[in-house]
S.K.: 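This is the structure I want to talk about, given as structure tokens.
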Amino acid sequence: METLIKTKRVALLKEKMMAEPRYVSIEQALIITKTYEENQEKPVIIKRALALKNALLQMGIAVEPEEKIVGNRTIGVRHGVVFPESGSSWIDREFETLPIRPQDKFNVREEDIINFKKIIAPYFKEKSLEDIIRTRYGTEIDEIAKVVKINQKDHAQGHICPDCEKWLTYGPEGLKQEAIAKLQSGTKDQQDFYKSVILVMEGTQAFMMRYHDLLVEKAGQETDAANQVNMREVAVICKKLCMNPPNSFHEAVQSIWFLFVILHMESNASSFSPGRMDDFLYPFYKKDMKSGSIDKQKALEIIECIWLKFNQIVYLRNSHSAKFFAGFPIGFNIAIGGQDENGNDFSNELSFLFLKAQEHLGLPQPNLSVRLHKGTNEPLLKEAVRVVAKGSGMPQFFNDEAIISSMMNFGVSEKDARDYAIVGCVELTSQGNNLGWSDAAMFNLNKVLELTLNNGKCLLTGNAIGPDLGNLMDYKTFEELEDAFAKNISYFIDKMILACEQVEKAHIDILPSPFLSAVIDNCIQKGKDVTVGGAVYNFSGIQMIQVANLADSLAAIKLLVYEEKRISKEELLKALQNNFEGYEIIRTMLLKRAPKYGNDVAYVDELGAKWARFFSEKLSHYTNYRGGRYHTGMYTVSAHVPMGENVGASSDGRYAATPLADGGMSPVYGRDIAGPTAVLKSVSLLDNHLTTNGGLLNMKFLPEFFKTENNIDKFAKFLRTFVDLEIPHIQFNVLRKEDLLAAQKDPEKYRSLTVRVAGYTAYFTELAGELQNEIIARTSYGDL
Amino acid sequence: MNTHEKLRGKVFDVRRFSTHDGGGIRTTIFLKGCPLRCVWCQNPEGLSLKSQLIYLENQCIHCGRCTTVCKNHAITLQEGKLCIDKGAADDWEEAIDSCPAACLTMDSKSYTVEELVKLTVRDAAFFRHGGGITLSGGEPLFQKDFAIALLKAFKEEGIHTAIETSCYVEQNVVKDALLYLDLIYVDFKVFDKNKHKEWIGFTNDKIKENIRFILESNKKDQVIIRTPLIPTMTADKENISAIGKFITSIYPEVKYELLNYNPLAKAKYNLVEREYCFAENPRMYTEDEMNEFRQAARNVGVKHLIIEV
């Protein structure tokens with residue numbers, strides 16, 4: 001590729017963005033509260049639509065003179081938005097501590113706290129999603145909390161890929177007209193739905209026009225001639241988009257950004273993902289390139305401008321949730337490459353420009369994903385590896401050979417499966433028609449094993465939290481132990497499903513989302529909100545936590561206790577109950593004398609696969625509240641740390657309350673000692689249907705490994721084999737230990753250092769200390 | 001049906017995901033035993049053909065279990081430290097089995113050809129993209145019958161084969177091995193006969209003869225001659241010029257590679273209780289210094305210098 005540069009404009013905009021302090025904003029919360037107060041008697045969906053419309057009309061907006069792409073959901077960048085309909089009680093509790101909490105800090109303004117407590121919190125008390133779920137089902141959720149973490153209790157689900165192509169074809173005016181045409185027919189609920197779509201599209205149009213007006217006004221005050229021209233140009237685009245679909249590449253990119261800003265304003269949820277942007281933007285790019293109105297450098301600048309925008313929206317979570325999803329992950333996931341609808345290799349100049357933008361900016365967003373398959377062209381693969389080598393942890397890689405057929409087996413049509421994209425970190429979805437509810441819950445298999453070994457009692461507290469089926473000494477054979485383990489898993493699955501249903505029901509009652517529904521098939525056609533099941537596909541995803549530790553624990557028990565009898569049942573149980581205190585020899589044997597997952601040893605790998613299969617099969621018998629199927633994923637984001645805190649000493653030699661394996665399919669760090677090929681072999685033993693909701697394999701390489709073109713070629717070959725082995729996902733950290741130690745000592749100097757935490761990239765210096773240490777401790781490969 | 005059933009080889013390491021020493025992703029098999037005694041040897045654990053007990057002290061928890069099972073009191077715990085009299089026993093099996101930390105281990109394992117092939121083909125999926133196996137050592141041809149049988153077996157599996165050899169073996173061994181080799185790295189360390197004897201223990205006549213043989217064979221284009229740059233010894237322009245002249249005089253299109261000094265070997269010497277040639281470990285050469293050495297080779301007519309970029 002010819003030399004493409006990061007322009008001065010982009011460098012300046014990045015600098016400005018990075019210098020902005022991160023605040024909490026209650027501006028939209030005040031507008032929402034006022035709207036709700038004034039419209040108390042109206043249906044929830046209308047209240048929600050009016051609240052969004054009012055926010056679009058009233059929220060403060062700002063532009064930078066150099067911006068080619070404008071728009072944000074708050075006047076400042078990277079602000080955490082208080083969203084009272086979903087959760088306000090937790091903010092009431094935590095507001096003051098937001099600037100000092102260990103993970104994902106935000107500045108707060110004194111007057112915001114006062115106004116929040118005076119106006120917002122009292123109105124939404126017992127009315128927010130969070131409070132409703134707590135009242136209806138809080139006790140039951142708490143009872144299983146050490147085994148199952150139920151998600152989406154205080155925020156909207158997000159994790160969805162809108163139909164960008166439809167948005168680009170129709171724009172807000174077209175979608176409004178679609179709803180108007182449907183308004184006369186249908187039930188009261190359907191009519192309310194269409195009315196709400198009309199309201200939010202009116203708001204959208206006004207929002208775009210407000211940017212036009214502001215740009216024209218600012219251009220009048222601007223002294224720099226080039227900036228003036230730029231602002232007038234962007235103003236024209238904003239004005240055009242409120243009534244018409246885009247024609248040019250620049251218009252299309254601006255249009256896409258407005259879509260995502262407004263989706264965030266409506267839901268305040270994580271992970272609205274653009275999906276296959278090199279596909280749906282390509283017709284615009286091609287046309288402009290052909291006419292000569294843009295060249296590659298100009299196109300790249302526009303792309304880099306929206307890339308910066310993807311970093312301006314962050315997500316405010318409660319402190320507990322921030323531990324599970326650390327580093328403000330917002331999940332603008334973009335998938336490039338992969339197969340086209342006929343199974344042929346797909347990529348174009350935009351795919352390469354997106355990689356170039358990632359190389360130039362090295363920022364945590366978007367979450368860039370490359371789809372690989374057997375026919376992936378070598379230049380795209382090599383270019384992707386070169387970008388990985390730069391060290392931002394991106395792109396990550398997905399495997400069409402593993403994913404497409406397993407999605408089809410799960411009930412997705414061939415066309416939709418070939419067109420899959422990724423939401424959030426690694427969650428798989430069809431585009432524009434799928435409420436995948438991919439983070440319904442996380443199920444801690446290791447905690448269930450603990451309860452099985454110890455009469456249903458928690459090793460940390462002694463409390464009985466599961467049925468008493470006996471303890472290790474009661475199980476005469478390993479098979480007896482496995483039988484009890486199976487019963488306990490089924491027991492907690494039952495409990496989990498009931499809780500998930502309550503959460504889904506509360507979302508229907510509290511958080512209908514007409515703007516989102518307008519860009520998800522078949523909501524408009526059915527006159528049905530996406531929360532009620534308006535989408536074509538309605539899945540629910542459960543994460544299995546963590547198969548690596550589980551495999552290691554079971555293998556150690558099977559080999560050392562039941563087969564070789566090196567350790568007696570009594571000794572092991574006592575050792576676990578005492579967190580290995582006084583049992584150092586036992587712990588050493590568990591660690592060193594039993595095989596570990598990730599070393600291509602079937603004995604242990606098969607145990608992991610077997611129980612993942614068991615869990616997944618059990619789950620497949622349930623149907624969710626929207627009528628869709630449950631399926632499983634294997635990824636944790638950063639949840640392996642807090643989920644580990646819930647688990648006592650385990651038979652894999654792990655101390656109580658320490659982290660579990662990271663990633664999801666990855667081995668426990670430091671235990672994979674047979675090298676990267678052995679890791680891939682072990683992981684490949686996990687059937688692909690276990691990870692239709694997404695799987696995550698994390699590997700860390702030192703930058704030395706990428707020093708030469710020769711090694712870049714080896715790495716590409718490594719990925720070719722990854723494709724052949726049909727592993728769904730892989731991502732790489734390319735880091736030096738010294739980098740990380742230095743960054744801990746001097747965070748200011750390393751502010752832009754990014755690191756992959758499970759499925760996404762975060763700023764290393766913004767992670768909590770223990771998570772930083774954990775990343776440093778992970779295994780490294782390469783020529784040490 | 002299998003003629004190699006009884007044949008066993010001693011292997012001190014099987015390393016998967018080797019990314020040097022041949023194309024693609026490879027598994028390198030390190031065969032034990034070497035006739036040479038280079039003072040800078042990178043794999044001193046591979047020199048002796050005799051299996052040795054290895055004690056990984058930093059993993060030991062000093063529980064003393066091994067002291068109770070080991071015959072002849074060969075292992076004792078004295079003031080919290082494990083003392084091993086390596087001459088006192090020749091069977092360490094029980095001691096090794098008793099160790100909870102797996103910190104007692106033999107420095108090598110004995111395999112049949114079939115066992116080793118089975119172990120290696122686990123990465124066959126990686127070999128399919130231009131990878132394969134590399135025999136290294138020690139001197140891989142030192143266990144000549146085993147090495148040749150192994151190479152033959154890999155070729156029967158359709159796996160690409162490479163070797164790293166000093167060629168300090170009988171010519172018929174080289175001749176037999178060549179039949180089953182796709183890529184041959186030959187170390188030519190020192191040209192001067194006397195210096196060769198001083199640093200390596202033997203003169204280099206046999207090596208020169210074998211290099212001539214290989215470079216005149218039909219596999220001459222699959223050969224890379226390599227010189228490891230050892231400061232104050234091999235890393236000398238005169239030495240490089242002499243080697244360059246010699247190899248180009250046999251085959252003008254010969255491929256030649258200069259290997260930068262590897263300072264990591266020094267750390268291994270504590271484990272094997274040997275003395276390394278440098279008390280003060282020298283640094284690696286810079287790219288500029290490397291280029292000067294390369295120029296010396298070019299000046300005498302070397303046309304194909306292998307440089308990793």
Side-chain angles (χ1 to χ4, degrees), chain A residues 374 378 381 560 564 566-567 583-596 599-602 605 653 672-682 684-685 699 701 704-727 781-784, chain B residues 13-28 42 56 58-66 68-69 96-105 118-133 160 257 259-260 262-265 267 284 287 306-309:
Chain A
K374 285 191 174 159
E378 194 69 9
L381 177 57
L560 301 177
E564 294 182 351
R566 285 177 194 268
I567 303 174
Y583 293 88
E584 189 51 30
I585 294 178
I586 302 286
R587 179 172 178 267
T588 306
M589 283 165 74
L590 294 170
L591 279 173
K592 300 285 177 62
R593 302 294 313 219
K596 299 287 177 270
N599 294 288
D600 197 8
V601 179
D605 296 346
D672 50 321
I673 50 174
T677 62
V679 172
L680 289 203
K681 287 294 301 295
S682 284
S684 71
L685 215 75
M699 292 178 97
F701 285 81
E704 277 80 1
F705 189 75
F706 299 92
K707 253 189 325 208
T708 62
E709 206 38 45
N710 176 47
N711 267 10
I712 285 186
D713 176 62
K714 305 257 169 167
F715 208 84
K717 292 187 157 106
F718 183 69
L719 282 167
R720 292 272 181 210
T721 311
F722 151 84
V723 170
D724 291 348
L725 291 173
E726 298 186 5
I727 295 166
Y781 301 111
D783 33 11
L784 266 167
Chain B
D13 201 1
V14 177
R15 192 175 304 159
R16 302 165 76 169
F17 197 67
S18 288
T19 56
H20 298 285
D21 312 322
I25 290 165
R26 313 186 73 80
T27 296
T28 303
Q42 302 292 289
L56 305 164
N58 61 351
Q59 297 188 23
C60 180
I61 57 168
H62 305 99
C63 65
R65 286 195 174 190
C66 54
T68 63
V69 299
I96 289 171
D97 184 66
S98 74
C99 177
C103 69
L104 290 174
T105 172
K118 201 174 154 201
L119 196 70
T120 312
V121 296
R122 292 188 297 174
D123 276 351
F126 295 89
F127 302 160
R128 279 195 275 278
H129 294 283
I133 66 101
H160 182 275
E257 184 174 16
L259 300 174
N260 203 337
N262 171 12
L264 297 181
M284 290 177 80
E287 203 41 38
I306 306 291
I307 301 168
E308 201 180 295
V309 287

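Just so we're clear, the structure is a prediction, and the values are computed from it rather than from any experiment. We use all heavy atoms of the structure for the numbers below, so side chains are in, but hydrogens, waters and symmetry mates are not. We name chains A, B, ... by the order of the sequence lines, and we start the count at 1 in each one.
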S.K.: List the steps and the verdict of side chain to side chain contact (heavy atoms under 4.5 Å, CB included) for A:Arg566 and B:Asp97.
M.R.: CA-CA 10 Å; A:Arg566 285 177 194 268; B:Asp97 184 66; 2.8 Å; yes
S.K.: So which atom in A:Asn710 and which in B:Thr19 form the shortest heavy-atom distance, rounded to 0.1 Å?
M.R.: ND2-O, 4.2 Å
S.K.: Could you pull out all residues at least two apart from A:Lys592 that satisfy side chain to side chain contact (heavy atoms under 4.5 Å, CB included)?
M.R.: A:Thr588, B:Gln59, B:Ala102
S.K.: Using every non-hydrogen atom in the two residues, find where B:Pro100 and A:Met589 come nearest and quote the distance to one decimal.
M.R.: CB-CG, 3.2 Å
S.K.: Let me confirm one number: the CZ-OG1 distance from B:Phe127 to A:Thr677, rounded to the nearest 0.5 Å.
M.R.: 8.0 Å
S.K.: Decide side chain to side chain contact (heavy atoms under 4.5 Å, CB included) for A:Lys681 and B:Asp123; before the verdict, give the C-alpha distance in whole Å, the side-chain angles of both, and the deciding distance to 0.1 Å.
M.R.: CA-CA 8 Å; A:Lys681 287 294 301 295; B:Asp123 276 351; 4.0 Å; yes
S.K.: Could you report the tightest heavy-atom contact between A:Asp600 and B:Arg122, atom names first, then the distance?
M.R.: O-NH1, 3.3 Å
S.K.: Using a 4.5 angstrom heavy-atom cutoff, name the option from A:Arg720, A:Arg593, A:Glu709 with the most pairs to chain B.
M.R.: A:Arg593
S.K.: Heavy-atom distance under 4.5 Å to chain B: side chain of A:Ile586, backbone, both or neither?
M.R.: neither
S.K.: First locate atom OG1 of A:Thr708, then atom CD1 of B:Ile307, and finally report the distance between them rounded to the nearest 0.5 Å.
M.R.: 13.0 Å
S.K.: Of all of B:Cys99, B:Cys103, B:Gly131, B:Cys63, which one pairs up most often with chain A through heavy atoms under 4.5 Å apart?
M.R.: B:Cys99
S.K.: Over all heavy atoms of both residues, which pair between B:Ala125 and A:Leu725 is shortest? Give the atoms and the distance, please.
M.R.: CB-CD2, 4.0 Å
S.K.: Drop me the distance from A:Thr721's OG1 to B:Ile25's CD1, to the nearest 0.5 angstrom.
M.R.: 5.5 Å
S.K.: Does the side chain of A:Leu719 come within less than 4.5 Å of B:His129's, by heavy atoms?
M.R.: no
S.K.: Could you tell me the separation between the NZ atom of A:Lys714 and the CZ atom of B:Arg26, rounded to the nearest 0.5 Å?
M.R.: 7.0 Å
S.K.: Looking only at heavy atoms, which two atoms of B:Arg16 and A:Ala678 are closest? And how far apart?
M.R.: NH1-CB, 3.6 Å
S.K.: With sequence neighbours excluded, tell me which residues meet ring pair (Phe, Tyr, Trp, His ring centres under 6.0 Å) with B:Phe126.
M.R.: A:Phe718
S.K.: Of the backbone (N, CA, C, O) and the side chain (C-beta and beyond), which part of B:Arg65 lies under 4.5 Å from a heavy atom of chain A, both, or neither?
M.R.: side chain
